[in-house]
Asks: 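Before I ask anything, let me first share the structure, which is written out below as structure tokens.
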Number of protein chains: 2
Amino acid sequence: MSKKLGKLSEISEEKIRNFHEYTRLQGLKTTKQRGTILDVFFRMKGHISVEELYDIVKTVNPRIGYATVYRTLHLLVDSGQVEERRFGDGMSRYEGHSEVERHGHMICEECGQILEFFNEELETLQIKLADELEFDIHYHRHELFGSCMDKSSCAKRRKKNPKLK
Amino acid sequence: MSKKLGKLSEISEEKIRNFHEYTRLQGLKTTKQRGTILDVFFRMKGHISVEELYDIVKTVNPRIGYATVYRTLHLLVDSGQVEERRFGDGMSRYEGHSEVERHGHMICEECGQILEFFNEELETLQIKLADELEFDIHYHRHELFGSCMDKSSCAKRRKKNPKLK
DNA sequence: ATTGATAATGAGAATGATTATTATTTAGCG
DNA sequence: CGCTAAATAATAATCATTCTCATTATCAAT
């Protein structure tokens with residue numbers, strides 16, 4: 001953390017506090033590496049892959065290893081501050097937070113762009129359906145695959161998601 | 001296909017016909033191996049992993065290789081007769097058909113049991129939301145993770161999904 | 001501040017699902 | 001039958017992720 005980074009958002013700071021609270025309760029230790037990884041992660045936005053995160057972490061502290069990034073990300077998920085997502089490109093992506101707590105994604109198969117959506121009615125409906133089958137929802141994943149029809153964006157972003165079929 | 005297998009359901013037979021129609025149109029060939037794999041696949045139910053399918057295919061014709069199972073499954077997906085799903089256990093699963101065309105899944109984190117659900121209202125809502133963001137849906141994935149609260153089932157099936165956290 | 005117990009790290013090896021390669025076999029068609 | 005492209009089997013390669021283990025760091029108790 002020798003390098004200076006910009007300011008963190010209010011919500012990110014809270015998530016970092018929650019994370020530390022979690023590790024403390026679990027009897028885990030506070031390390032510089034985790035600090036760096038959290039700092040970098042919560043300054044990024046969108047749906048971040050391990051590689052993307054690792055690449056930036058490297059620029060802050062080149063001695064941090066891949067495994068540590070993985071481990072920290074898992075801890076972040078376990079602590080409930082971050083969610084793990086798997087779209088179709090073969091790797092996990094993590095998102096720290098969003099404007100809305102529970103939301104779905106629309107994934108453009110042309111360019112890989114990811115849009116988020118939220119609808120109260122949808123949430124209610126989900127709970128109703130789960131109740132009918134006596135199922136208790138912890139979290140959900142709602143993904144719509146299709147075309148975003150945003151020509152300029154499609155062309156631009158395709159390159160960044162070559163694996164997306 | 002030397003081994004005799006039970007009868008195929010009406011819908012499975014149709015899917016097999018559709019598959020052959022697809023391969024014919026694509027100029028692809030009909031092989032014994034694919035025949036065997038289809039026969040076995042459509043007699044299985046639920047959300048089938050490549051390994052599960054391969055294990056049974058082996059008992060019918062031990063000379064069939066892993067790669068052929070993968071290739072055939074991909075063809076089945078391409079032909080639109082089968083859907084590929086990825087839940088959280090690290091491998092793809094395939095489902096041939098369901099009572100309902102478009103449906104979601106409730107996945108029990110305790111035991112790995114997968115329930116299916118369908119709701120017309122949900123479908124309509126999805127389309128409405130997509131329209132608002134000018135998004136054209138090709139297919140969707142709607143998964144609710146939680147607990148099925150089916151004690152006996154939970155205990156029984158946990159063994160089969162050791163990876164499920 | 002030092003120690004001791006234990007968690008964390010880093011580097012690289014290992015894993016496991018999936019894909020690619022390649023030599024050989026087979027289907028489909030004249 | 002005989003040709004040609006596609007398919008197969010076996011195996012190597014790939015790639016994200018996890019594990020191993022020797023070393024280092026944290027932190028509570030001394």
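Numbers restart at 1 for each chain; the letters A, B, ... are given by sequence-line order, proteins then strands. Just so we're clear, the structure is a prediction, and the values are computed from it rather than from any experiment.
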Asks: In terms of the nearest nucleotide of DNA chain D, which residue is placed more toward the 5' end: Lys58(B) or Arg34(B)?
Replies: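 Nearest-nucleotide comparison on DNA chain D picks Arg34(B).
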Asks: Determine whether the side chains of His20(A) and Thr30(A) contain a donor N or O and an acceptor N or O closer than 3.5 Å.
Replies: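 No donor-acceptor contact under 3.5 Å links the two side chains.
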Asks: Whole Å only: how far is the CD1 atom of Ile37(B) from the P atom of dA7(D)?
Replies: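 My rounded result for the distance is 13 Å.
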Asks: Quick one: side chains of residues 65-75 of chain A, donor-acceptor pairs under 3.5 Å with protein atoms, not counting sequence neighbours, listed by atom name and distance.
Replies:
{"from": "Thr68(A)", "atom 1": "OG1", "to": "Arg71(A)", "atom 2": "NH2", "distance (Å)": "3.2"}
{"from": "Thr72(A)", "atom 1": "OG1", "to": "Thr68(A)", "atom 2": "O", "distance (Å)": "2.8"}

Asks: Can you tell me how far P of dT17(D) sits from CG of Leu53(A), to the nearest Å?
Replies: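 Going from CG in Leu53(A) over to P in dT17(D) covers 12 Å.
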Asks: Can you measure His20(B) atom NE2 to dA7(D) atom C1' for me and round it to whole angstrom units?
Replies: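 It is 14 Å, rounded to the nearest whole Å.
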Asks: Can Gln126(B) and His140(B) be counted as having a side-chain donor-acceptor contact under 3.5 angstrom?
Replies: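 Distance-only check passes for Gln126(B) and His140(B).
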Asks: What one-letter contact string describes nucleotides 23-30 of chain C from 5' to 3', where B marks a base within less than 4.0 Å of any protein heavy atom, S marks contact via sugar-phosphate atoms alone, and - marks no contact?
Replies: ----BS--
Asks: Is it true that Arg85(A) and Glu83(A) have a side-chain N and a carboxylate O under 4.0 angstrom from each other?
Replies: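 Looking at Arg85(A) and Glu83(A), the cut-off is met.
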Asks: Quick one: list whatever passes salt bridge (Lys or Arg N to Asp or Glu O under 4.0 Å) with Glu14(A), sequence neighbours left out.
Replies: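 Once residues adjacent in sequence are excluded, Glu14(A) has no partner under the salt bridge (Lys or Arg N to Asp or Glu O under 4.0 Å) criterion.
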Asks: Which residues pass the salt bridge (Lys or Arg N to Asp or Glu O under 4.0 Å) test with Glu51(A), sequence neighbours left out?
Replies: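 None.
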Asks: Quick check on dT17(D): is either OP1 or OP2 less than 4.0 Å from any side-chain nitrogen or oxygen of Ser92(A)?
Replies: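 Yes, within the criterion.
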Asks: For Ile48(A) and dA16(D), give me the distance from atom CD1 to atom P, rounded to whole Å.
Replies: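 My rounded result for the distance is 17 Å.
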Asks: Could you work out which one of dT18(C), dT9(C), dT8(D) sits closest to the side chain of Thr68(A)?
Replies: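 In terms of side-chain proximity for Thr68(A), the closest of dT18(C), dT9(C), dT8(D) is dT9(C).
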Asks: By salt bridge (Lys or Arg N to Asp or Glu O under 4.0 Å), which residues pair with Arg17(A), not counting sequence neighbours?
Replies: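 Scan of Arg17(A) (salt bridge (Lys or Arg N to Asp or Glu O under 4.0 Å), adjacent residues dropped) gives none.
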Asks: Rounded off to whole Å, could you give me the CG-to-P distance for the Leu76(B) and dA7(D) pair?
Replies: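 In whole Å, dA7(D) P lies 14 Å from Leu76(B) CG.
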Asks: To the nearest Å, give me how far apart CZ (Arg63(A)) and P (dG10(C)) are.
Replies: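 Going from CZ in Arg63(A) over to P in dG10(C) covers 7 Å.
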Asks: So which protein nitrogen or oxygen atoms get under 3.5 Å of nucleotides 19-22 of chain C's nitrogens or oxygens?
Replies:
{"from": "dT19(C)", "atom 1": "OP2", "to": "His74(B)", "atom 2": "NE2", "distance (Å)": "3.2"}

Asks: Quick one: are Ile107(A) and Leu144(A) in side-chain contact, heavy atoms under 4.5 Å?
Replies: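 Side-chain contact under 4.5 Å: no.
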Asks: Compute whether any side-chain donor of one residue and acceptor of the other, for His103(A) and His142(A), lie under 3.5 angstrom apart.
Replies: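 Their side chains do not contain a donor-acceptor pair, so the 3.5 Å distance test is not met.
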Asks: What is the separation between atom CG on Leu75(B) and atom C1' on dA7(D), rounded to the nearest whole Å?
Replies: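 That distance rounds to 10 Å.
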Asks: OH of Tyr54(B) versus P of dT18(C): gap in Å, rounded?
Replies: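 To the nearest whole Å, that distance equals 14 Å.
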